[in-house]
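In each ligand, atom 1 is the first atom listed, and ligand 1 is the first ligand listed.
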Amino acid sequence: MSEQANITLGSKSLEMPVKHGSIGPDVVDIRKLYGQTGAFTFDPGFTSTASCESAITYIDGDEGVLLHRGYPIQQLAEDSSFMEVAYLLTEGELPSKDELAKFEHTISRHTMVHEQLMQFFRGFRRDAHPMAIMCGVVGALSAFYHDSTDIDDPKQRMIASHRLIAKMPTIAAMAYKYSIGQPFIYPDNSLSYTGNFLRMTFGVPAEEYVVNPIVERAMDRIFILHADHEQNASTSTVRLAGSSGANPFACMAAGIACLWGPAHGGANEAALEMLREIGRPERIPEYIARAKNKDDPFRLMGFGHRVYKNYDPRATVMQKTVRELFKELKVTDPVFEVALQLEEMALNDSYFIEKKLFPNVDFYSGIVLSAVGFPTSMFTALFALARTVGWVAQWNEMIGDPEQKIGRPRQLYTGAPQRDYVPIAKR
Ligand code: ACO
């Protein structure tokens with residue numbers, strides 16, 4: 001007999017099936033709980049709730065493990081490419097040489113955006129945050145691609161997914177160009193996905209842009225590290241928006257909006273700003289003391305994670321990438337020394353040890369992005385570019401799931417009980 005979990009509520013009791021994943025914790029299937037007992041579960045922040053079944057990404061937060069379709073992130077970051085990881089996440093298996101070439105070709109054929117879309121940029125103030133522009137412009141794509149919005153057709157879903165993966169670098173680069181008043185650069189499909197993005201961002205029409213392979217590799221690795229992360233806040237937002245059958249481009253705009261927050265993707269921007277503000281190793285104890293002070297809302301940005309209660313494996317790769325990039329480009333940044341010493345001090349401090357707070361992916365990513373030449377305001381836009389792969393993979397998986405339902409949580413109501421309306425003259 002399959003395993004059951006029992007719950008007794010007053011005079012009612014219920015046996016609920018326990019489901020087992022391929023790895024990871026079991027889940028108690030509580031779907032019949034309300035119908036049979038009249039009670040809901042209460043789990044704000046979803047700390048104990050699995051919202052779906054998924055075969056894409058697995059995280060063991062206690063052990064610091066991250067697998068995409070079973071493959072460890074360290075191996076993918078070291079030996080794979082972002083396009084290969086995009087194929088893996090969206091298709092489920094690593095591609096053969098021919099499959100990868102075909103996939104890259106398909107993506108490269110969708111890199112341009114409609115000329116009319118360019119006019120959207122001009123409506124934004126020059127100093128608009130790139131994430132504000134990304135939210136608006138990616139949402140606006142929904143008005144352009146009516147031939148790929150029948151979400152019940154897997155082929156159309158795949159076309160929409162390819163369009164999104166392909167156009168995000170173009171849109172992110174355009175957001176940057178617009179902010180600095182330079183002309184938009186059209187994509188060059190002879191370059192790699194990442195090389196093309198670098199050219200659209202840093203190239204100018206007046207000069208030939210030569211992609212630096214060291215920078216290209218570092219950026220490709222950053223994209224791999226950000227490609228997917230299970231049911232994080234922005235991915236859950238995309239799933240929830242998509243669960244109503246909403247347009248895929250609009251769903252991605254919802255994901256971008258969620259990612260922007262400093263507790264999520266916005267932390268990479270906040271982490272580098274914090275490290276710059278600290279400025280010198282002598283000032284680190286002051287900031288550690290602030291982070292520990294309950295009366296001070298300050299937190300160490302780039303530290304802590306809802307799931308990882310161990311070192312975020314992506315942070316390890318990111319730290320290595322900083323070292324390699326600095327060595328190969330023969331550059332340095334005093335902020336890296338501050339980051340290394342801050343990490344060491346925090347990891348030896350009882351507050352951080354007891355609360356299991358370790359550096360997350362955002363702690364070092366800003367240092368790489370800054371060395372490449374991106375302003376901090378672009379950091380989260382780059383995260384959105386890479387995470388689009390995870391969003392489309394998770395969105396496709398959800399729409400294809402026969403058990404999929406509109407997402408509709410319940411609540412514990414704490415407001416006024418029913419009462420009669422009082423006319424204003426009598427209040
Ligand atoms: N600095 C200082 N204290 C912290 C930090 C931090 N960075 N993170 C958590 N804590 C403390 C909290 O104050 C809390 O203490 P308490 O138990 O005494 O109240 C305890 O650790 C647990 O923290 P929660 O906020 O309850 O944990 P939660 O899982 O909700 O939050 C989060 C995770 C949002 C990532 C949090 O650690 C944080 O704000 N970190 C800084 C922002 C950041 O780096 N975000 C990036 C996340 S990774 C990503 O999105 C790619």
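- What sits closest to atom 35 (C) of ligand 1 on the protein, heavy atoms only, is Gly304 O, 3.7 Å.
- Counting atoms of ligand 1 from 1 in the listed order, those under 4.0 Å from a heavy atom of Gly302 are 43 (C), 44 (O).
- Shortest contact from atom 1 (N) of ligand 1 to any protein heavy atom: Leu300 N, 3.1 Å.
- When atom types are taken as modelled, the side chain of Arg290 and the backbone of Phe298 share no donor-acceptor pair closer than 3.5 angstrom.
- With a heavy-atom cut-off of 4.0 Å, Thr47 does not touch ligand 1 at all.
- Using a 4.0 Å cut-off between charged nitrogen and carboxylate oxygen, Arg323 and Glu328 do not count as a salt-bridge pair.
- No side-chain donor from either of Thr111 and Asn196 sits under 3.5 Å from a side-chain acceptor of the other.
- Looking only at protein heavy atoms, the nearest one to atom 10 (N) of ligand 1 is Leu357 CD1, 3.7 Å.
- Distance remark: protein heavy atom not present below 4.0 angstrom from atom 26 (O) of ligand 1.
- Of the candidates Arg387, Arg299, His305, the one placing a heavy atom closest to atom 23 (O) of ligand 1 is Arg299.
- Residues satisfying the side chain to side chain donor-acceptor pair (under 3.5 Å) criterion with Thr8, sequence neighbours excluded, are absent altogether.
- Taking every heavy atom of Ala267 and a limit of under 4.0 angstrom, the matching atoms of ligand 1 come to 43 (C), 44 (O), 45 (N), 46 (C).
- In this structure, the side chains of Phe336 and Leu340 come closer than 4.5 Å at one or more pairs of heavy atoms.
- At under 3.5 Å, a nitrogen or oxygen of His264, whether backbone or side chain, sits near a nitrogen or oxygen of ligand 1.
- Short contacts between ligand 1 and Arg306, defined as distances under 4.0 Å to a heavy atom of the residue, involve ligand atoms 28 (P), 29 (O), 30 (O), 33 (C).
- Below 30°, between 30° and 60°, or above 60°: for Phe197 and Phe374 the angle between ring planes is below 30°, a parallel geometry.
- The presence of a protein heavy atom under 4.0 Å from atom 29 (O) of ligand 1 is confirmed.
- Ring orientation note: the planes of Phe82 and Tyr193 are tilted relative to one another, at an angle of 30° to 60°.
- Partners of His162 by side chain to side chain donor-acceptor pair (under 3.5 Å), not counting sequence neighbours: none found.
- For atom 45 (N) of ligand 1, the closest non-hydrogen atom on the protein side is Ala263 O, 3.2 Å.
- Per-residue contacts place Val361 under 4.0 angstrom from the following atoms of ligand 1 (heavy atoms of the residue considered): 51 (C).
- Numbered from 1 in the order shown, with element, the atoms of ligand 1 that lie under 4.0 Å from a heavy atom of Phe383 read 51 (C).
- Of the candidates Thr237, Thr380, Thr235, Asn232, Leu259 forms a side-chain contact (heavy atoms from CB on, under 4.5 Å) with just one, namely Thr380.
- At a 3.5 angstrom cut-off on N or O pairs, Lys309 does not count as close to ligand 1.
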Exercise. Check the pair Met168, Met252 against side-chain contact (heavy atoms from CB on, under 4.5 Å), reporting the backbone distance first and the verdict last.
Key: CA-CA 10 Å; Met168 285 299 273; Met252 300 304 140; over 6 Å; no
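- Looking at heavy atoms from C-beta onward, Glu324 lies in side-chain contact with Arg221 at the 4.5 angstrom threshold.
- Nearest protein heavy-atom contact of atom 41 (C) of ligand 1 is Phe303 O, 3.4 Å.
- From the protein, the heavy atom lying nearest to atom 21 (O) of ligand 1 is Lys355 CD, 3.3 Å.
- The protein non-hydrogen atom at the shortest distance from atom 49 (C) of ligand 1 is Asp362 OD2, 3.6 Å.
- Judged purely by distance below 3.5 Å, without hydrogens or angles, the side chains of Thr47 and Arg306 never pair a donor atom with an acceptor atom.
- Assignment of Lys292 to the shell around ligand 1 is not supported, since no heavy atom sits closer than 4.0 Å.
- Closest to atom 3 (N) of ligand 1 among all protein heavy atoms lies Tyr351 OH, 2.9 Å.
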